[in-house]
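What follows is a set of notes on a single structure, which appears directly below.
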Amino acid sequence: MKYLAAISAAMLAIVALAGPASAEYPEKPVTFIVPFPPGDSEDVLTRIIAEDFQSKYGVSAAVVNKPGGGGGPFPGAIEVAMAPADGYTIGSFVIGVPTLGHQIGIDELTPAKFDPLGIFLTYPFIIATGKDAPYQTMEELSEYAKSNEVTLAHFGDVLAPTQVTKAFAKLNGWSYSADSAFDAVDCNTIASGDADVVNTTIQLVFPCLDHITVLATITDDRISRAPDAPTIGELEPDLALSLWNGLFVAKETPADVRETIIASAMESMLGERAAAHGEATGAIVYWQDEAQSAARIASDIETLARIEQLLAE
């Protein structure tokens, strides 16, 4: 009896040291933070991920939109950075958050706070002009712009596609005579003469595709709606960059939690609903794994640094 009592006491001591068994993830509501207003591709696709996650694991999964300002969608990123690293707060972020957020003096994001779970969306950005323009390729545009004024419309100077567009011009010995940010860069922007060249997404010019020329795409690969247009990386390999969106968690998030989120999100992005959204909008939908995403971010940081230096010269 004394022997059995000693064994029982030892087992109780081991259990006490080990602490309570950890609950299996997920056991409570999960929040996906999208630092943009609702309605665009990153929001739509994140909602598909959240809905499938809820169905798959039986817990509530909500998308919360946290629009940012001041040159970057950082309020939403800060909320993810400040949350516990337990997988219950997940960021759905564009390229600027993981590449620049920790480099521009935001204490909450410094040092780098996030790891990618996967990148799942490339926005179909294009450089386009009217069919009647005296240039119908990027090479012809460069020659024309060296002795003529050419204006540019875009969504904001800080956006990666705008920076790439301006960097291409500089690498080829010219610059836009004027450029302006518009709330909407669409068919009317070209038809009205508000700008000679536009930097926009192909979805916004679907109605007038027959009346414009897509000079280049700021994407990883050529896009199906404009298969003859080269990517910017084909023309200038040092500018190979795109505006993408991915899922991120805090660096300390346990591996098994990450794997659970990834399993559901990857299935969602390779499913029919995501594919249908891509077909309808021109968005490029896929799943790039953790290692590939991390390597892509490291490469993009180098590319953005080169562009920043080039534009500052």
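- In this structure the side chain of T281 reaches within 4.5 angstrom of the side chain of S41, judged on heavy atoms.
- Atom-to-atom distance recorded for I78:CD1 and K66:NZ is 11.5 Å, nearest 0.5 angstrom.
- Side-chain contact annotation: S92 with E42, donor-acceptor N/O pair under 3.5 Å absent.
- Each salt bridge (charged side-chain N to carboxylate O under 4.0 Å, His left out) pair with one or both residues in residues 231-248, not counting sequence neighbours, appears once here: R222-E234.
- The aromatic ring centres of F182 and F155 sit 6.0 Å or more apart.
- Of the possible polar contacts, none joining the T253 side chain to the V249 backbone as a donor-acceptor pair under 3.5 Å is found.
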One pair to check against ring-ring contact (aromatic ring centres under 6.0 Å, His included): Y57 and Y25. What are the steps and the verdict? CA-CA 9 Å; Y57 297 118; Y25 174 89; 7.4 Å; no
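- Remark: Q54 engages no residue in a side-chain hydrogen bond (donor to acceptor under 3.5 Å, both in side chains) (not counting sequence neighbours).
- For the pair T201 (side chain) and P124 (backbone), a donor-acceptor distance under 3.5 Å is absent.
- Looking only at side-chain heavy atoms (C-beta outward), I49 and F32 come within less than 4.5 Å of each other.
- Inter-residue side-chain proximity for Q103 and I301 is flagged as met; some heavy-atom pair is nearer than 4.5 Å.
- In this structure, a donor-acceptor pair under 3.5 Å is absent between the side chains of T217 and R225.
- Residues P116 and I297 have side chains in contact (heavy-atom distance under 4.5 Å, counting atoms from C-beta outward).
- Partner of I127 under the side-chain contact (heavy atoms from CB on, under 4.5 Å) criterion, chosen from V164, V214, T165: T165.
- Residues D210 and K131 are not paired through a salt bridge, judged by the lack of any N-O separation under 4.0 Å between the basic side chain and the carboxylate.
- Of the possible donor and acceptor atoms, one in the side chain of S293 sits under 3.5 Å from a partner among the backbone N and O of I119.
- Sorted pairs that involve residues 279-291 and meet salt bridge (charged side-chain N to carboxylate O under 4.0 Å, His left out), not counting sequence neighbours, are lacking altogether.
- Taking each heavy atom of I48 and S268 in turn, the nearest pair found is O-OG, 4.0 Å.
- Neither side chain, S299 nor R296, offers a donor N or O lying under 3.5 Å from an acceptor on the other.
- Side-chain contact between I202 and V205 is present, with heavy atoms from C-beta onward closer than 4.5 Å.
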Might you work through the side chain to side chain contact (heavy atoms under 4.5 Å, CB included) test for L109 and F114, ending with a clear yes or no? CA-CA 9 Å; L109 302 182; F114 308 115; 3.9 Å; yes
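- Counted by atom type alone, Y286 and T122 present one or more donor-acceptor pairs between their side chains at under 3.5 Å.
- Between V197 and Y176, the shortest heavy-atom distance links the atoms CG1-OH, 3.9 Å.
- With T260 contributing its side chain and D256 its backbone, the two residues share a donor-acceptor pair below 3.5 Å.
- The hydrophobic cluster containing L100 does not contain V80, counting ILVMFWY residues as joined when their side-chain heavy atoms lie under 4.5 angstrom apart, directly or transitively.
- The shortest side-chain heavy-atom distance between V59 and F53 falls under the 4.5 Å cut-off.
- Remark: the backbone N or O of I126 is paired with a side-chain donor or acceptor of N199 at under 3.5 angstrom.
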Check the pair F168, S142 against side chain to side chain contact (heavy atoms under 4.5 Å, CB included), reporting the backbone distance first and the verdict last. CA-CA 9 Å; F168 177 90; S142 292; 3.6 Å; yes
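- Between I218 and P161 the shortest heavy-atom distance is CD1-O, 3.4 Å.
- Atoms CH2 and CG, from W244 and L241 in turn, are 9.5 Å apart once rounded to the nearest 0.5 Å.
- When atom types are taken as modelled, the side chain of T162 and the backbone of H154 share no donor-acceptor pair closer than 3.5 angstrom.
- A donor-acceptor distance shorter than 3.5 angstrom exists from the side chain of Q136 to the backbone of G130, with no hydrogens or angles considered.
- I190 meets the side-chain contact (heavy atoms from CB on, under 4.5 Å) test with V198, I212; sequence neighbours excluded.
- Ring orientation note: the planes of F120 and W287 are close to parallel, at an angle under 30° on the 30°/60° scale.
- S175 and A169 get closest at one heavy-atom pair: CA-CB, 4.2 Å.
- Applying the salt bridge (charged side-chain N to carboxylate O under 4.0 Å, His left out) test to every pair with at least one member in residues 47-65, sequence neighbours left out, gives these pairs: D43-R47, E51-R273, D52-R273, K56-E267.
- Note that the CG atom of L239 and the OG1 atom of T303 stand 8.0 Å from one another [nearest 0.5 Å].
- The closest side-chain heavy-atom distance from N65 to P37 is not below 4.5 Å.
- Within the structure, salt bridge (charged side-chain N to carboxylate O under 4.0 Å, His left out) contacts touching residues 169-196 (residues at least two apart or in different chains) are K166-D179.
- The main-chain N or O of D221 is found under 3.5 Å from a side-chain atom of T219 such that the two form a donor-acceptor pair.
- The shortest side-chain heavy-atom distance between D300 and I95 falls under the 4.5 Å cut-off.
- If you take CG on D86 and CD on E27, they are separated by 9.5 Å, rounding to the nearest 0.5 Å.
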K113/K251 under side chain to side chain contact (heavy atoms under 4.5 Å, CB included): CA gap, chis, key distance, verdict: CA-CA 6 Å; K113 292 292 195 294; K251 284 186 173 294; 5.8 Å; no
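- D220 and S242 make their closest contact through OD1-OG, 3.3 Å (heavy atoms, listed as atom of the first residue, atom of the second, distance).
- Across L121 and A283, no two heavy atoms sit closer than the pair CD1-CB, 3.7 Å.
- Taking CD1 from I90 and CG from L117, the interatomic distance works out to 7.0 Å, rounded to the nearest 0.5 Å.
- Going from atom OH of Y144 over to atom CD of E149 covers 9.5 Å, rounded to the nearest 0.5 Å.
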